[in-house]
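Contents: one structure, followed by commentary.
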Amino acid sequence: MMRCLFAIALMTTSALAAPASAQWINNISEASFDVGAGISYGPGYFGDDETELGPWGTMRNLTLGTETGEEKQGFSLIPSFGYIGDRKADDHDELEGLDDIDWTGEIGLRVNYVSGPAMSYGAVRLGVGGHDGLVGEIGTKYRFIVNDKLTLWTAAELQLGDDEFTDTYFGVSPDESAASNFREYDPSGGIYGANISLEARYALTPKTSILGKVTYGRLLNDAGDSPIVQERNQPEINLGIARRLNFRF
């Protein structure tokens, strides 16, 4: 059911965007965003009760500019990308008997609505690899420009996934149940998580910055009730260095 709803949402978004694209895109003359890498300290998989260090790659803080040099206000339609790392039972003793899950790339669309320092957004993406479900999020961000070097963002977000997604990461098949200590479990799609975050960017030069992000996430509904989940609360810390890229059209 959720997969059908996501598909309808994606098709509706695409259909609405087609006639509106001239209004949304033609007055955009430039785009800039941060691309960087660093380290992440957080759960090793959805529901893990232990934290570990890992790599962090990021492409974030997209800003669309108009011909006047100001940030574009109102609606914009942009691509949306996501990545989920692999999950291997050999790396976590408690997952013995569960199938391994390959890493997943996700691609889709995102709608932003910008009003001054505030932005609301919604995204939908299709997974390729470890899961082939539909996922997305809806949320809001608020930007604080502290000074010419330091910028802060606060954000709140709900995360959604269809049945295929939740079954991949939170479900337990009959074969897996027989081979592990987990009971059989068939979760439904829907809102599977929520998080709040605080992000900071400190400019070392006009193009190079240090990025930091602290996130408190919590697994909800069928995802949170999964026998695989050792801990519903999922905090994460990210720290890295990024380069600001600018493109003019």
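Keep in mind that what you see is a predicted model, and the values were worked out from it rather than measured.
Residue-environment remark: CG (N181) stays at or below the threshold of 12 foreign heavy atoms within 6.0 Å. The 12-atom threshold is not exceeded at CG of D93, counting heavy atoms of other residues, nucleotides or ligands nearer than 6.0 Å. Within a 6.0 Å radius of CD in E52, more than 12 heavy atoms belonging to other residues, nucleotides or ligands are found. No more than 12 heavy atoms of other residues, nucleotides or ligands shown are found within 6.0 angstrom of OH on Y202.
Remark: the backbone N or O of A194 is not paired with any side-chain donor or acceptor of R218 at under 3.5 angstrom. Using a distance-only test at 3.5 Å, with no hydrogens or angles considered, a donor-acceptor pair links the side chain of Q234 to the main chain of E231. In this structure a side-chain-to-backbone donor-acceptor pair under 3.5 Å is present from D100 to A89.
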Could you walk me through whether F46 and V229 pass the side-chain contact (heavy atoms from CB on, under 4.5 Å) check? CA-CA 7 Å; F46 290 122; V229 172; over 6 Å; no
Worked check of side-chain contact (heavy atoms from CB on, under 4.5 Å) between F170 and D222: CA-CA 8 Å; F170 302 102; D222 281 12; over 6 Å; no
Would you sort out whether R243 and V35 count as a side-chain contact (heavy atoms from CB on, under 4.5 Å), showing the intermediate values? CA-CA 5 Å; R243 184 76 173 171; V35 175; 5.5 Å; no
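A salt bridge does not link R87 with D99: none of the charged nitrogens is closer than 4.0 Å to a carboxylate oxygen.
W153 is not connected to V214 by any chain of hydrophobic side-chain contacts under 4.5 Å among Ile, Leu, Val, Met, Phe, Trp and Tyr, and they are in different clusters. Hydrophobic cluster membership differs between L239 and W56, with clusters built from Ile, Leu, Val, Met, Phe, Trp and Tyr side chains linked at under 4.5 angstrom. The hydrophobic clustering, which links ILVMFWY residues whose side-chain heavy atoms are closer than 4.5 Å, places L152 and I241 together.
One side chain, T51 or Y41, offers a donor N or O that lies under 3.5 Å from an acceptor on the other. Side chains of R244 and T63: a donor-acceptor N/O pair is present below 3.5 angstrom, by distance only. Residues E236 and N195 bring no donor and acceptor atom of their side chains to less than 3.5 Å of each other.
Hydrophobic cluster membership for L95: Y45, L98, V172, F182, Y185, I228 (Ile, Leu, Val, Met, Phe, Trp, Tyr linked by side-chain heavy atoms under 4.5 Å, directly or transitively).
Scanning both residues, P227 and R183, for their nearest heavy atoms gives CG-O, 3.9 Å. For the pair I84 and E106, the tightest heavy-atom approach, listed with the atom from each and the gap, is CD1-OE2, 3.4 Å.
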Per-pair distances, 0.1 Å, donor-acceptor, side chain in residues 112-124, under 3.5 Å, sequence neighbours excluded:
from : atom 1 : to   : atom 2 : distance (Å)
N112 : OD1    : R110 : NE     : 2.7
Y121 : OH     : E157 : OE1    : 2.6

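With sequence neighbours excluded, the residues satisfying side-chain hydrogen bond (donor to acceptor under 3.5 Å, both in side chains) with N238 are S40. Listed by chain and number, the residues in a side-chain hydrogen bond (donor to acceptor under 3.5 Å, both in side chains) with T215 amount to none (sequence neighbours excluded). Listed by chain and number, the residues in a ring-ring contact (aromatic ring centres under 6.0 Å, His included) with Y83 are W103 (sequence neighbours excluded). Qualifying side-chain hydrogen bond (donor to acceptor under 3.5 Å, both in side chains) partners for Y192, counting only residues two or more places apart in sequence or in other chains: none.
Here NZ of K88 is found 10.5 Å from NE2 of H92. Values are rounded to the nearest 0.5 Å.
With D34 as reference, N61 is the one residue of N61, T58, L62, T208 to meet the side-chain contact (heavy atoms from CB on, under 4.5 Å) rule.
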